[in-house]
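These figures come from a predicted structure and were not determined experimentally.
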Amino acid sequence: MSMVTLGKTGITVNKNGFGALPIQRISNEDAGKLLRKAYEHRITFFDTARFYTDSEAKIGESLSDVRDKIYIATKTAATDAKTFWKDLSTSLSLLKTDYIDLYQFHNPSFCPKPGDGTGLYEAMLEAKEQGQIRHIGITNHRLAVAKEAIDSELYETLQFPFNYLATKEELKLVSRCKENNIGFIAMKALSGGLITNSKAAYAYQDLYDHVLPIWGIQKETELDEFISYIDNPPTMTEEIKAVIEKDQKELASNFCRGCGYCMPCPVGIEINNCARMSLLLRRSPAELQLTKEVQAKMKRIEKCINCGRCSARCPYGLNTPKLLKDNYKDYVEVLAGKAL
């Protein structure tokens with residue numbers, strides 16, 4: 001079994017964090033079964049957010065009776081102290097707990113610090129002093145903010161996208177966190193669905209003993225895969241290396257990670273899926289992307305007004321309008337019979 005300690009927090013769990021964003025898309029009953037099965041098979045780190053609609057409530061309903069045996073990480077997207085306290089109170093109530101193990105600022109556009117005028121970090125400290133939270137973390141998609149968080153020495157954990165498609169700059173973040181004893185939580189460990197080989201994804205994460213991947217889980221079959229890795233963790237074989245090298249070659253250029261921070265679109269384009277449709281067509285069952293519903297979503301690209309809002313919000317600096325148009329052209333050609 002591979003174990004991870006999240007830096008100075010001392011939180012030690014096996015290398016399978018439960019990413020609870022997807023459970024907002026399924027019923028209370030199905031979510032409860034997943035959460036309970038995860039716990040019963042020794043998954044004990046659950047990551048959610050106030051932003052994830054009913055995800056916190058589902059965790060509270062399903063796991064409150066084993067609260068002292070699990071770790072709960074949640075997040076606030078508050079931009080001022082008043083909203084911070086409101087979010088914290090709501091999260092505590094929904095999670096049916098009187099403390100949160102790891103409370104994180106949720107993808108802020110800046111690095112909250114004492115004296116910055118927002119009162120956010122001061123509120124974090126006060127909540128920790130009161131025992132309502134135990135550790136302070138930050139999540140982000142922006143390299144500059146992540147680097148500033150590490151430099152500040154104010155945060156015990158950093159949650160950032162990380163998988164075997166990582167850039168050199170992202171790899172530097174991982175190394176710097178280890179050097180500074182900051183826990184590193186890897187979101188997008190499957191690159192938003194573009195990585196389809198979970199064994200390869202796990203084996204890569206296992207190369208970094210201080211990194212905890214949180215796997216976004218929505219189906220029991222997905223959960224079963226990661227449960228099987230607890231006692232039999234995949235290792236970096238030549239076969240897995242070949243899979244990774246092939247994916248790295250195919251996905252070496254700029255591509256949409258599907259994070260959704262470009263949303264909403266003023267004309268209703270579902271950017272986070274439409275801007276990577278060419279990859280989804282070729283890396284998942286194509287028939288799922290060729291339905292009338294998806295065709296209608298792709299057709300909305302024709303309504304793009306080139307306002308540039310999506311590009312301005314993109315944490316990866318992508319030319320999103322061009323990506324949309326390129327993906328739409330390819331999609332139309334596939335519908336017309338272009339080989340995949």
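Between the side chains of N327 and S278, a donor-acceptor pair is found at a separation under 3.5 Å. With no hydrogens or angles considered, no side-chain donor-acceptor pair links D87 and T90 at under 3.5 Å. Checking T74 against Q104 by side-chain atom types alone, no donor-acceptor pair falls below 3.5 Å. Side-chain polar atoms of E126 and Q130 form a donor-acceptor pair below 3.5 angstrom. Q205 and N163 are not linked by any side-chain donor-acceptor pair at a separation below 3.5 angstrom, with hydrogens and angles left out of the test. In this structure, a donor-acceptor pair under 3.5 Å is absent between the side chains of N107 and T139. Judged by distance alone, the side chains of S55 and Q24 never bring a donor and an acceptor atom under 3.5 Å apart.
In this pair, F162 and Y204 present their aromatic rings tilted. The plane angle is within the 30 to 60° band. Between F226 and Y229, the ring planes are perpendicular. Angles over 60° get that label, and only those under 30° would be called parallel. Taking the six-membered ring for Trp and thresholds of 30 and 60 degrees, F18 and F46 have ring planes inclined between 30 and 60 degrees apart. Below 30°, between 30° and 60°, or above 60°: for Y155 and Y121 the angle between ring planes is above 60°, a perpendicular geometry.
There is no path of hydrophobic side-chain contacts, each under 4.5 Å, that joins Y316 to L190. Follow the hydrophobic side-chain contacts under 4.5 Å out from I43 and you reach L95 in the same cluster.
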Test salt bridge (charged side-chain N to carboxylate O under 4.0 Å, His left out) applied to E270 and K297, step by step: CA-CA 7 Å; E270 194 177 274; K297 289 179 180 180; 3.2 Å; yes
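Put simply, the side chain of Y328 never gets that close to the backbone of R300: no donor and acceptor are under 3.5 Å apart. For the pair R276 (side chain) and G192 (backbone), a donor-acceptor distance under 3.5 Å is present. The backbone N or O of L194 sits nowhere less than 3.5 Å from a side-chain atom of S191 that would complete a donor-acceptor pair.
A cation-pi arrangement is found for R257 relative to F255, the charged atom lying closer than 6.0 Å to the ring centre and inside a 45° cone about the ring normal.
Think of Y99 as one node in a network of Ile, Leu, Val, Met, Phe, Trp and Tyr side chains linked at under 4.5 Å; it has no links at all. Grouped with I11 in one hydrophobic cluster are V4, L6, V13, F45, Y71, L102, I185, M187, L212, I214, the linkage being side-chain heavy-atom contacts under 4.5 Å among Ile, Leu, Val, Met, Phe, Trp and Tyr residues.
Checked against the 6.0 Å centroid criterion, the rings of H141 and Y261 qualify as a close aromatic pair.
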